[in-house]
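Remarks on the structure that follows.
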Amino acid sequence: MRERYQFGDVEARWQERWEQARLYQAVEDPGREKFYCLEMFPYPSGNLHMGHVRNYSIGDVIARFKSMNGYNVLHPMGWDSFGLPAENAAIKNKIPPARWTLDNIAQMRGQLKSMGISYDWDREVASCLPEYYRWTQWLFLQMYKKGLVYKKKAAVNWCPGCNTVLANEQVVDAACERCGTAVQKKALEQWFFKITDYAQDLLDSLETLTGWPDKVKIMQDNWIGRSEGARIHFALEGAEGPAADLPVYTTRPDTVFGVTYMVLAAEHPLVERIIAGTEYEEPVRAFVRKVQGMTEVERTSTELEKEGIFTGAYAVNPMNGEKAPLWVGNYVLLEYGTGAVMGVPAHDQRDFVFAKKYGLPIRAVIQPEGETLDAETMTEAYTGDGVMTRSGAFSGLGNREGMKRVAAHLEASGSGGATVNYRLRDWLISRQRYWGTPIPIVYCEECGAVPVPEADLPVRLPLDVEFLPTGESPLNRSPEFYETVCPKCGKPARRETDTMDTFACSSWYFLRYTDAKNDRAPYDAAKARYWMNVDLYIGGVEHAILHLMYARFFMKALNDLGLTDTREPFQNLLTQGMVLKDGTKMSKSKGNVVSPEEIIKKYGADTARLFILFAAPPERDLEWSDAGVEGAYRFLNRVWRGIYQLLTENPDMTKMPSGAPEGPLSKEDQQMRRLLHGTVQKVTEDIQVRFNFNTAISAIMELTNGLYLYKESPSKHWGVLREVTDHLVLLLSPFAPHIADELWEATGHEGFVYRQAWPAYDRRILADVDEVEMVVQLNGKVRDRMKVPAAISREDTEKAALALEKIRDAVGGGTIVKIVTVPGKLVNIVLR
RNA sequence: GCCGCUGUGGCGGAAUAGGCAGACGCAAUGGACUUAAAAUCCAUCGAGGGCAACCUCAUACCGGUUCGAGUCCGGUCAGCGGCACCA
């Protein structure tokens, strides 16, 4: 063993040995309990950043800890390697996306290997390779057959920056989440996954995800946006049959007698029909154009003044037969509910504002207790509970009860009924981009959209394509790609040139890892059954909605297809915080990026990992500190030096039996062993129960400090020292695996630390205390401390406390009201 | 607007079931070793008062419950995150 810790040599040597021994290769073994530890696979941008280092360090602690605790661990890594940056790089640098991506993967794989994470590299996947995306296409086809994929013309989010449509989830503040360009609405034919079929399921099973942070579940809950209400079919005056049907959705069916007007969304298909050939035609069209001319931001802003225009038509209220004027308004969304709302100014603030502006009548039909609303004097809508009035047979009912009765009445009369509505929209998956999984569909003049037969998969992306700066997908200009024949009738046909949203690729990769090399199926059912579910999934909270909900949807759909055994992919979820520098996220533009590569070069991977795990608990944001890294480095050196000094002092130490000697132990021996076993307990629980790696590491630091003290003690015992150093190395190994293996070998052991059993602690040693220090309080304030025998009775404790000089003085002539004693901890004397 | 989270030394953070506030680390200061430096080791390190033993105050703020509150309850303020003209 060298005197100084030379991390460079140590880390390189052990990484090589691990690889040669195939130490981290996972093999199915039904006789052993498995543990599937997964970190979100990265996009291969070219360089690892500190967020990655944090993510994978956290995962590696768990994977190593579980392995040492006897689990058969699966810990894979791969690449989410389709996506726009590859195309942008191709346009900018004239490098084909495939080469750019594969070069980046090679580079990042090297960086990742220098971190010494316990990955089974045999299971590596890259979603951009045909061996992988073939199965993404296959799954698409299974879902297509099941009716979970469909195409429709819809007003979709179009990003002019990326030249593609976006999913709802990818629009943030009416801008593209990727490039920040303001999103436009365009009516286009697009492919959708029918995630709304699973809205209730996705919502209900959130409750079963007990290992997920509440925060994430609440965000998904909000996103799904379930609301209960009623559908009410108004009738268009002067129309017959289905043409007269004007359904609205409302959460307040109890206010239906307060309807004084109706509003349609600007894009509502009814608008054109009712104005055609009337005097309203021109002004209404002008209004609609004005609304459509606004950007998404303007249109959806709550600041936008509510405006509308009368269409000349009327709708009949099915509850009372009243006529209500039909308007078009800028505050009604086509995509939510039915795209039409009933206007109840007295009990909805938006309607109130609208009615005031256009002089529409206001009719109060819910009266709050002890008050009487008067339409003339109201200054805002009353949205609370109350008693129904002017509501025909329903007058006098409490409005909560009224909601149910009105819904029941609508149901009975065939003009509506109770219904549930969701904000969740179907998942738009087609992208007008090149670097993605081709959608396996062929368009035939005769047969329409025909799925590509499974035997013809994969539909390969052509690699010899040319990129134009317009950003237009080269697939549209590649006849050798799109020219094909119809699988059904054999006539010439055209391939779909849209590709899939990359979130489709990442919605099932965790299944592929269970059988990554399978070329006959996406995965073997038995293997997936053995490894699934993912026991712990670790990644950034920014995926709380998008990726995590899509993956849940896939799992449920695949389960309904008979392809999986469970309906949820991730048993436990750990959302890690960001890595900050100077209080903000590291970014090139701010110039505050710390490169993992440089840190590893300067201090080694163990130091980088240790610092990042020590600086904050995983869920919290972490402030990068160069001085803190130095501290972590010093600590590893301190461990090294301590063990080196012991081995120098007594080279035979490596042959000593570990543990306490026979016979009575010195006070120092006992203290050392209690500290050791207490540390084992704390570190074990911190990792296993709480994921508090920072406190686990601080406990190991305290143990090291204790070791330094003990090794200077004249009565030190080499068996105890051996026990301490062995356990210290094992406890440290999930955090700093290279130095741990080196020290393990140096202290005379064979085999990898990874294969050792996690140290156990002995409760008897922890309990073997003959004297404890107790706090003595007066009225809850600490006044003194005392040492008492551990086995002391309550009475004797109180006697001892009262006998203390300070306490005697303080009690003086006062009256003791009572004494509260917590055995082994404190005595509180209550005086008055 | 709705929903949620977080406020503790100079800094990162600890206090795991209501029981010693500030573990561990960083920074800082003083000292030892050294010709010197680095490394290492020792000591001090929330604020105020006192020669001292010690005392008072202190976990964003105000109040409550309790023998005892960083922790529980009610309110206020600040910061962060999600959703948002969702009928």
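In what follows, every chain begins at residue 1, and chains take the letters A, B, ... in the order their sequences are listed. Keep in mind the model is a prediction, meaning the values are calculated, not measured.
You'll find the ring centres of W327(A) and Y358(A) inside the 6.0 Å limit. Aromatic ring centres of F614(A) and F635(A): separated by at least 6.0 Å.
Rounded to whole Å, atom P of C2(B) lies 14 Å from atom CZ of R423(A).
A gap of 13 Å separates the C1' atoms of G10(B) and A47(B), to the nearest Å. Comparing the P positions of U66(B) and C51(B) gives an interatomic distance of 41 Å, to the nearest angstrom. A60(B) and G70(B) have their P atoms separated by 10 Å, given to the nearest Å. A gap of 12 Å separates the C1' atoms of U59(B) and A14(B), to the nearest Å. Remark: the separation of the C1' atoms in C24(B) and G30(B) is 23 Å, to the nearest Å. Taking the P atom of each, A15(B) and U71(B) are spaced 15 Å apart, rounded to whole Å. C33(B) and A38(B) have their C1' atoms separated by 13 Å, with the value rounded to a whole Å. Across G12(B) and G4(B), the matching C1' atoms stand 25 Å from one another, rounded to whole Å.
Note on N222(A): every side-chain N or O is 4.0 Å or more away from OP1 and OP2 of G81(B). Distances shorter than 4.0 Å separate some side-chain N or O of R620(A) from OP1 or OP2 on A14(B). Close to A27(B), at under 4.0 Å from its OP1 or OP2, lies a side-chain N or O of R634(A). Contact check, N421(A) against A87(B): no side-chain N or O comes under 4.0 Å of OP1 or OP2.
Backbone-only contact: G631(A) has heavy atoms under 4.0 Å from sugar-phosphate atoms and none from a base. Using a 4.0 Å heavy-atom cutoff across all strands shown, S625(A) reaches no nucleic acid atom at all.
Of the possible polar contacts, one joining the W640(A) side chain to the R2(A) backbone as a donor-acceptor pair under 3.5 Å is found.
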Give every pair of a protein N or O atom and an N or O atom of nucleotides 52-59 of chain B that lie under 3.5 Å apart, one pair per line with the distance.
residue, atom, partner, partner atom, Å
C54(B), OP1, K806(A), NZ, 3.4

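Judged by distance alone with a 3.5 Å cut-off, no donor-acceptor contact links the side chain of K215(A) to the base of C5(B).
Helical stems in RNA chain B, defined as runs of 3 or more consecutive Watson-Crick or G-U wobble pairs with donor-acceptor distances under 3.5 Å: B:1-7 with B:77-83, B:10-12 with B:24-26, B:28-32 with B:40-44, B:46-49 with B:54-57, B:60-64 with B:72-76.
The only option from L209(A), L202(A), L206(A) that meets the side chain to side chain contact (heavy atoms under 4.5 Å, CB included) definition with Q220(A) turns out to be L206(A).
Electrostatic pairing of E307(A) and K290(A) counts as a salt bridge here, judged by a charged N lying under 4.0 Å from a carboxylate O. A salt bridge links E322(A) with R363(A): at least one charged nitrogen is closer than 4.0 Å to a carboxylate oxygen.
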